[in-house]
Amino acid sequence: MMRRAPQSDIDESELEISAPKDYAAGVPAVLVSLDRAVEQMGPLRTAKTLTRLNQRHGFDCPGCAWPETPGHRKPAEFCENGAKAVAEEATLRTVTPEFFARHSVSELGTKTEYWLGQQGRLTHPMVLRPGSDHYEAIEWDDAFALIADHLKALPSPDHAVFYTSGRTSNEAAFLYQLMIRSYGTNNLPDCSNMCHESSGTALTDTIGIGKGSVSVPDIENADLILIAGQNPGTNHPRMLSTLEKAKANGARVVAINPLPEAGLRRFKDPQKPSGVIGQGVDIADEFLQIRLGGDMALFQGLGRLLFEAEDAAPGTVIDREFVAEHCAGFDEYEKHIRGVDLDTVVEATGLPLHRIRALASDLATSERTVVCWAMGLTQHTHAVATIAEAVNLLLARGMIGKPGAGVCPVRGHSNVQGDRTMGIYEKMPESFLAALDAEFGIRSPRHHGYDTVEAIRAMRDGRASVFFAMGGNFVSATPDTHATEAALRRCALTVQVSTKLNRSHTVTGRTALILPTLGRTDLDVQKSGKQVVSVEDSMSMVHLSRGRLRPVSEHLLSEVSIITRLARTLLGPGHPVPWEEFEADYDRIRDAISRVVPGCENYNERVRQPDGFALPHPPRDKREFPTHTGRANFSVNPLEWVPTPEGRLILQTLRSHDQYNTTIYGLDDRYRGVKNGRRVILVNPQDITALGFRDGDRVDIVSEWTTADGTVEERRVHDFRIVSYSTPVGNAAAYYPETNPLVPLDHVAAASNTPASKAVTVRLEPATAPNGSH
Ligand SMILES: Nc1nc2c(c(=O)[nH]1)N[C@H]1C(S)=C(S)[C@@H](COP(=O)(O)OP(=O)(O)OC[C@H]3O[C@@H](n4cnc5c(=O)[nH]c(N)nc54)[C@H](O)[C@@H]3O)O[C@H]1N2
Ligand SMILES: Nc1nc2c(c(=O)[nH]1)N[C@H]1C(S)=C(S)[C@@H](COP(=O)(O)OP(=O)(O)OC[C@H]3O[C@@H](n4cnc5c(=O)[nH]c(N)nc54)[C@H](O)[C@@H]3O)O[C@H]1N2
Ligand SMILES: [Mo]
């Protein structure tokens, strides 16, 4: 039966540590999925939901953006963490106006994300009035009027910020950016700014489109797959089935990671007898335990070794034809990369030279190479250059735009890529804005808006004072928690369109609103009947998603309804966009999308095909590279890496197996052997001793940051337990979002402005106070 939400918060004294697992999934994964699902939804709703997950007539998993295998789908096309994502959303627990009457905002502000999230689905629009410490119910129309009044009172539309997380459907995203641009600003920061922005920036410069160039069949047919800076066993578990197939077809998989992640070692597919009673399959043939931030050096070293292999057997390694026909900048690249010092590569990566040579020889002989990556590459100061170096390797070998080969940035949120395609971007190109204006007879602003980091600075400095979030948990997901909190508290109004309670509801402007919305699993009925929405996965496939569950409250509105009703209030009756028609029938939104968004022609028809349709990708489809040179660009990047200063550690902030970003599903990072708690820091045993500590000691983590004018700033989080763990010497790991207060706002990647959450310089001190603050 469904269990009640937790009444008390986490007791970290219950923390248990055991040995990390050496395989992912297996039977425990199924048992955990069912247990969590039944706990939140009860048995009937569990059966109804899990059988529809990722099915052709079902809904798209609100978990990750890994694609479904085209053609055939297994009866249960989900994974443990997909099941948890669904259980969290489809839960029958509710957060009602009575809940807010019982709990003040200040009290809620002392709770952990885990406790807040476990309380259930938001049921009513709520308002926090100036000076009050309790949210109270508000009518929808009054909420829209209140937002419109605030927006109209601003000195300029650029004083408002409109954030988007990555679960919003294409239809809602398209209307959201349309409303915001009609109002007059491009301030559209999104979670992508903290996520794959570095990938988008690097890929746009080098191959002309900021999206991955491979499909699932490409991965299945590759003969060499590099997985760098990604933990698929936890964050993209369905990818393991694809990798299993690739291995069965003879692929070699090389994992490049500071941590020996369980999912990269062995996979037991619980849907196969061999995964239930057998050993499962080994995923990685090679595991390179690289130092944090060492990937750029690795890729450059590999580049030099490829040229050496070419010298030894001319005409066999570099794809001269591809380079001559499609690329620019090769000579400069060759000159630079031949000069790379291999001793520096060894120092930067922490990898023995013979292992790097072995990988170079794999690369030199592979006929179909795919490089996959995620946050381990994107969240570094030199992230864009690192990804550009991976592209250099692939270009030199002619590995883009042919079957079985290419770039595979594995995206995070289930529709983060689609939201960008629909215009959620602070610097959308002129061609898109012009098409939008022509379709609707509006005039979109042309000057660029704020990204996430710039939005925080603008609120901090009083240049923005209305903050509106379409989903997400801005306060906890962004870096420098205390600075971000102070910035939000300066606002006149903060608005959160949300499904569940989170910390962003407790850190507010003078007035605050919570607008509860339908999720991916919920039935959405409008004037014309039941609605469907569409999403784009990590491999540019666009398809439909149909929610079927009865919403937990009759007061929820869909995101489309919230946007169209707010737009009508804000923009007035004479506005040229047919907001009411759009709300009544989402087909009308898709008709508009088909005329504005490139590649979406005949959207309604094509999205209804069984597997949807693929958006165009010129490098993948025809080896065309729409860059500024009209060719695929090699790039020259001065080598950067992340040495560990004396007596310090470089800290990466990452996800446990039991969370979805800031949503904490539970307290069990099963694969890493951490149970009943999250305030841990994983440290190499040599460092523990060298720094004068012992395994199990409780410490404060203090980050050190030198500002532009040379001042050293310190940030502190309290009371973390040291766990001895296999991580390179000098490198440590701890969970996000508990460690976000340590990440300085200005510590960002060059060119993409993505917070460098995987490389924070820290020192450890004996714990000064028990945890209690966040
Ligand atoms: N269940 C679940 N699924 C999710 C999410 C979730 O929180 N939970 N989040 C979703 C989102 S939004 C995203 S963006 C993705 C995130 O997916 P991931 O990027 O896999 O997430 P992280 O936990 O940040 O893991 C980063 C991985 O990179 C490694 N790493 C860190 N620094 C480096 C480095 O310098 N070099 C190399 N080579 N490796 C490094 C870490 O050890 C870790 O294995 O997952 C998505 N899917
Ligand atoms: N230190 C550190 N910081 C990081 C990262 C890291 O690795 N380290 N990773 C970064 C990354 S990759 C990302 S993507 C961001 C994530 O940043 P966000 O996307 O802002 O955060 P989430 O935790 O995914 O947001 C969860 C909330 O979204 C709401 N929600 C869920 N589903 C829906 C829906 O369908 N509609 C609406 N309107 N709301 C919904 C719920 O209220 C829930 O509480 O965090 C970034 N921050
Ligand atoms: Mo992400």
Side-chain angles (χ1 to χ4, degrees), residues 62-66 79-82 84-85 88-89 113 116-117 122 163-169 172 190-196 227-237 255-259 261 263-264 288 290-295 298 373-380 383 386 410-416 452 469-479 496-505 515-522 559 562 642 650 652-663 665 727 731 733 735-740 742-743 754-755 757-760:
C64 73
W66 188 256
C79 64
E80 172 187 344
N81 279 346
K84 289 181 192 165
E88 283 285 319
E89 184 178 299
E113 288 290 357
L116 293 170
L122 296 156
Y163 175 70
T164 317
S165 169
R167 284 199 189 173
T168 296
S169 66
D190 69 348
C191 70
S192 199
N193 298 146
M194 300 178 269
C195 185
H196 269 291
I227 305 178
Q230 193 204 343
N231 179 19
T234 285
N235 297 315
H236 307 91
I256 303 168
N257 201 305
L259 305 179
E261 306 284 26
L264 293 169
L288 298 181
I290 196 165
R291 289 176 42 90
L292 286 168
D295 305 81
L298 174 66
W373 72 88
M375 298 305 100
L377 295 202
T378 65
Q379 297 175 339
H380 282 287
T386 300
V410 185
R411 306 295 302 250
H413 266 300
S414 53
N415 199 38
V416 59
T452 294
M470 184 53 73
N473 183 359
F474 193 83
V475 166
S476 284
T478 51
Q496 304 285 339
V497 180
S498 311
T499 51
K500 306 271 303 258
L501 195 61
N502 63 47
R503 187 159 172 80
S504 294
H505 304 117
L515 306 182
T517 190
L518 297 177
R520 201 62 72 66
T521 52
D522 294 316
E559 292 183 341
I562 293 174
V642 191
I650 304 299
Q652 65 155 321
T653 59
L654 82 181
R655 293 153 175 81
S656 86
H657 189 62
D658 221 0
Q659 71 183 86
Y660 193 94
N661 299 338
T662 69
T663 299
Y665 297 146
T727 173
N731 289 174
Y735 300 131
Y736 131 76
E738 284 80 354
T739 47
N740 285 42
L742 297 174
V743 186
T754 296
S757 310
K758 296 291 191 266
V760 184

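Because the structure is predicted, anything quoted here is derived from the model rather than measured. Note that ligands are numbered from 1 as they come in the structure, with each ligand's atoms numbered from 1 the same way. Any value given below was found using the heavy atoms of this structure, including those in side chains, with hydrogens, waters and symmetry copies removed.
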(request) Indicate yes or no: does an N/O atom of Gly229 lie under 3.5 Å from an N/O atom of ligand 1? (result) yes

(message) Are any of the N/O atoms on Tyr665, whether in the backbone or the side chain, positioned under 3.5 angstrom from an N/O atom of ligand 1?
(response) no

(message) Using a 4.0 Å cut-off to any heavy atom of Thr234, which atoms of ligand 1 qualify?
(response) 1 (N), 2 (C), 3 (N)

(message) Between His196 and Trp373, does the side-chain contact (heavy atoms from CB on, under 4.5 Å) criterion hold? Intermediate values first, please.
(response) CA-CA 10 Å; His196 269 291; Trp373 72 88; 3.9 Å; yes

(message) So if I count the atoms of ligand 1 from 1 in the order they appear, which ones are less than 4.0 Å from some heavy atom of Gly293?
(response) 34 (C), 35 (O)

(request) Using ring pair (Phe, Tyr, Trp, His ring centres under 6.0 Å) as the criterion, list what pairs up with His657, not counting sequence neighbours. (result) Tyr671

(message) I'd like the contact residues of ligand 2, where contact means a heavy atom below 4.0 Å.
(response) Tyr163, Ser165, Arg167, Cys191, Met194, Cys195, Met375, Gln379, His413, Gly471, Gly472, Asn473, Ala477, Val497, Ser498, Thr499, Lys500, Asn502, Thr517, Glu559, Thr653, Arg655, Tyr660, Asn661, Thr662, Thr663, Tyr736, Asn740, Ser757, Lys758

(message) Is there a side-chain contact between Ser165 and His413 in this structure, where contact means two heavy atoms from C-beta onward sitting under 4.5 Å apart?
(response) yes

(request) Considering the heavy atoms of Ile256, write down every atom of ligand 1 situated less than 4.0 Å from one of them. (result) 37 (C), 38 (N), 39 (N)

(message) One pair to check against side-chain hydrogen bond (donor to acceptor under 3.5 Å, both in side chains): Asn473 and Glu113. What are the steps and the verdict?
(response) CA-CA 10 Å; Asn473 183 359; Glu113 288 290 357; 2.9 Å; yes

(message) Donor-acceptor pair, distance only, cut-off 3.5 Å: does the side chain of Lys758 make one with the backbone of Gly376?
(response) no

(request) Taking side chain to side chain contact (heavy atoms under 4.5 Å, CB included) as the test, write out the residues that go with Ala172, two or more places apart. (result) Thr168, Ser169, Glu559, Val560, Ile563

(request) Give the atoms of ligand 1, by number and element, whose distance to some non-hydrogen atom of Glu261 is under 4.0 Å. (result) 42 (O), 43 (C), 44 (O)

(request) For Pro516, check side chain to side chain contact (heavy atoms under 4.5 Å, CB included) against everything at least two apart and list the hits. (result) Leu122, Pro125, Trp140, Leu556

(request) For the pair Gln379 (side chain) and Thr754 (backbone), establish whether a donor and an acceptor sit closer than 3.5 Å, ignoring hydrogens and angles. (result) no

(request) Check each heavy atom of Asn231 against ligand 1 and say whether those closer than 4.0 Å belong to the side chain, the backbone, both or neither. (result) both

(request) Identify, by atom number and element, the atoms of ligand 1 in contact range of Asp295, meaning under 4.0 Å from any of its heavy atoms. (result) 34 (C), 35 (O), 36 (N), 37 (C), 38 (N)

(request) Mind running side-chain hydrogen bond (donor to acceptor under 3.5 Å, both in side chains) on His505 and Ser498 for me, showing each step along the way? (result) CA-CA 9 Å; His505 304 117; Ser498 311; 2.8 Å; yes

(message) Just verifying a value: how many Å separate Met375 CE and Leu654 CG, rounded to the nearest 0.5 Å?
(response) 12.0 Å

(message) Main chain of Tyr736, side chain of Gln659: is a donor-acceptor contact present, judged purely on distance under 3.5 Å?
(response) yes

(request) Using a 4.0 Å heavy-atom threshold (strictly under), name the region of Asn81 that reaches ligand 1: side chain, backbone, both or neither. (result) side chain

(message) Once you restrict to heavy atoms under 4.0 Å, what part of His236 touches ligand 1? Side chain, backbone, both or neither.
(response) side chain

